[in-house]
Protein chains: 2
Amino acid sequence: MTRTSDAPALAPSGTSGAGDDVTRVAVSTVIFTLRRVAGTDRVQVAIPLVRRTRDPHQGLWALPGGWLDIAEDLDGAASRTLAETTGLAPSYLEQLYAFGAVDRSPTRVVSIVYWALIRPDEIVDDVENVAWFDAADLPPLAFDHNGIVDYALWRLRNKVGYSRIAHGLLGDEFTLAELREVYESILGRRLDPANFRRQVENSGTLIPTDRFRTGSHRPARLYRDNQEAELADRGPLGGRH
Amino acid sequence: MTRTSDAPALAPSGTSGAGDDVTRVAVSTVIFTLRRVAGTDRVQVAIPLVRRTRDPHQGLWALPGGWLDIAEDLDGAASRTLAETTGLAPSYLEQLYAFGAVDRSPTRVVSIVYWALIRPDEIVDDVENVAWFDAADLPPLAFDHNGIVDYALWRLRNKVGYSRIAHGLLGDEFTLAELREVYESILGRRLDPANFRRQVENSGTLIPTDRFRTGSHRPARLYRDNQEAELADRGPLGGRH
DNA sequence: TCAAAAGTGTTAATTTTACACCCATGT
DNA sequence: ACATGGGTGTAAAATTAACACTTTTGA
């Protein structure tokens, strides 16, 4: 099944007789991952988009999403529509913003937008009508989705500064250099390896393992996420996805 | 007109024949202000609540709000429902979160919740069915509104740390002591007057006037908000209310 | 043995914190 | 004149930033 959020040609699935005079609720997600650029040593932020197969905006790329079911929480709708359209099940999923401008779609649609992080090993490729794009160089998207991605990128850059979400883009075990590369590609600037090491070690968010990543030069110690660490991240909403 | 958000006895206003099998969109707002506690020198965070005049939860206090109109932006709906229920027109209004748990109301309601700051001189009192409460000591509220207020308080405390929103709780001109009192009451701890002065002066968010607040002891210089200052606050959404 | 990345040490610069102290006004 | 909050000065402490240097491996 291939769907994108916002205004398909039909009424919301599973409801009876709701006409064009009601506001419908859609759920979409901006999914971030990191991708090594072929032939270079650069890493870029990439997001999956879904090609629309019906009007409005048929043929354009759009954020994955779909309609909110009547018996489904918002978080659940985000997870479900994501799985249905892209086959992905992100390790990190958080609500971003509710977009509801009257003219953002031909019919009235309020989109609850989520943003998600996904690890390279979780990526499912070769899904029909799904393609991955460089987040910094997107084509014109359907609806107001370009602006939504911009806002999600802003939130990602912001949050990476005071939270430990960057771990959500890596596998279970990773080296400090790999973690640093995540920060560098999101923030768009180089970080001092020595200072980065100390900051992240003192933050208590990492647990050193006794395993090492070998293969290149001197082996680098592998670390994993410290689940015990305070997140103080989303306040009273808490929630783990 | 007195309305609170979430599930009145009737269908959404202005729509035709939408039954109980659709998801409806409501908009509510958590409005913060500061209130001097009578007889003390303490200041507390206060919020206005509206008493529900119909089921569900008739008689309980609830956040001001109402249904989203089909031809109305989310921000507009927040402003409108706020004015209708409380007569208030906040100087600062920002989207907080979309709440959509299936069981948060007898019928399916997704609430887009805003939070707002209001200056003491903007307060309209003696509105029917509206009362102001100490945010730290609320009665049981309708729906999931207690949890919503908790989350809004968490956001307020967080944001006051890296933004200059505290100005939104004061009049056009204010002394540094008044501004410091705002921070102290939100953060719940004392701040060093000398250090507070330097931090806020160096931030460039204030413009000193040549007027002084007289009446007590040594007159204190009055400052006003610097509109030019970077807010870097809401990213690509920008927006001024 | 040499290049390159891992990891440690050291110091300067900056920011935060604590608190002593002077200033100006109403009473 | 004096109590009180307004306002300035200063130095210790903590954090951040810059960079030299040592270690360990693959080639």
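Here the structure is a predicted model, which is why all the values come from computation and not from measurement. Sequence lines set the chain letters: A, B, ... in the order given, protein chains first and strands last, and positions in each chain run from 1.
We find that D134(B) and R35(B) are not joined by a salt bridge, their nearest charged nitrogen and carboxylate oxygen being 4.0 Å or further apart. Under 4.0 Å is where a charged nitrogen must lie from a carboxylate oxygen, and between R190(B) and E184(B) at least one such pair does. A salt bridge links R104(B) to D144(B): at least one charged side-chain nitrogen sits closer than 4.0 Å to a carboxylate oxygen. Between E178(B) and R213(B) there is a salt bridge, since at least one side-chain N of the basic residue sits less than 4.0 Å from a carboxylate O of the acidic one.
The shortest distance between the side-chain N/O atoms of R197(B) and the OP1/OP2 oxygens of dG7(D) is below 4.0 Å.
Where DNA chain C meets chain B (any atom under 4.0 Å from a heavy atom), the bounding nucleotides read 5' to 3' are dT17(C) to dG26(C).
Using a 4.0 Å heavy-atom cutoff across all strands shown, A194(A) reaches at least one base atom of the nucleic acid. Looking at heavy-atom distances under 4.0 Å, T214(B) makes contact with sugar-phosphate atoms alone, never a base.
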>> For E181(A) and Y183(A): C-alpha separation, side-chain torsions, deciding distance, then whether side-chain hydrogen bond (donor to acceptor under 3.5 Å, both in side chains) applies.
In response: CA-CA 5 Å; E181(A) 189 177 38; Y183(A) 279 87; over 6 Å; no

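Each of P219(B) and D192(A) was assigned the nucleotide of DNA chain C with the nearest heavy atom; the assignment lying further toward the 5' end belongs to D192(A). Nearest-nucleotide positions on DNA chain D for Q199(A) and E201(B) put E201(B) closer to the 5' end. In this structure, N195(B) and R180(B) both approach DNA chain D, and ranking their closest nucleotides by distance from the 5' end singles out R180(B).
Distance, R218(B) CZ to dG7(D) P: 6 Å, rounded to whole Å. dG7(D) atom C1' lies 9 Å from atom CG of L176(B), rounded to whole Å.
Side chain R198(B) to base dG9(D): a donor-acceptor pair is found below 3.5 Å.
Between F174(A) and H167(A), the two ring planes are tilted [angle within 30° to 60°].
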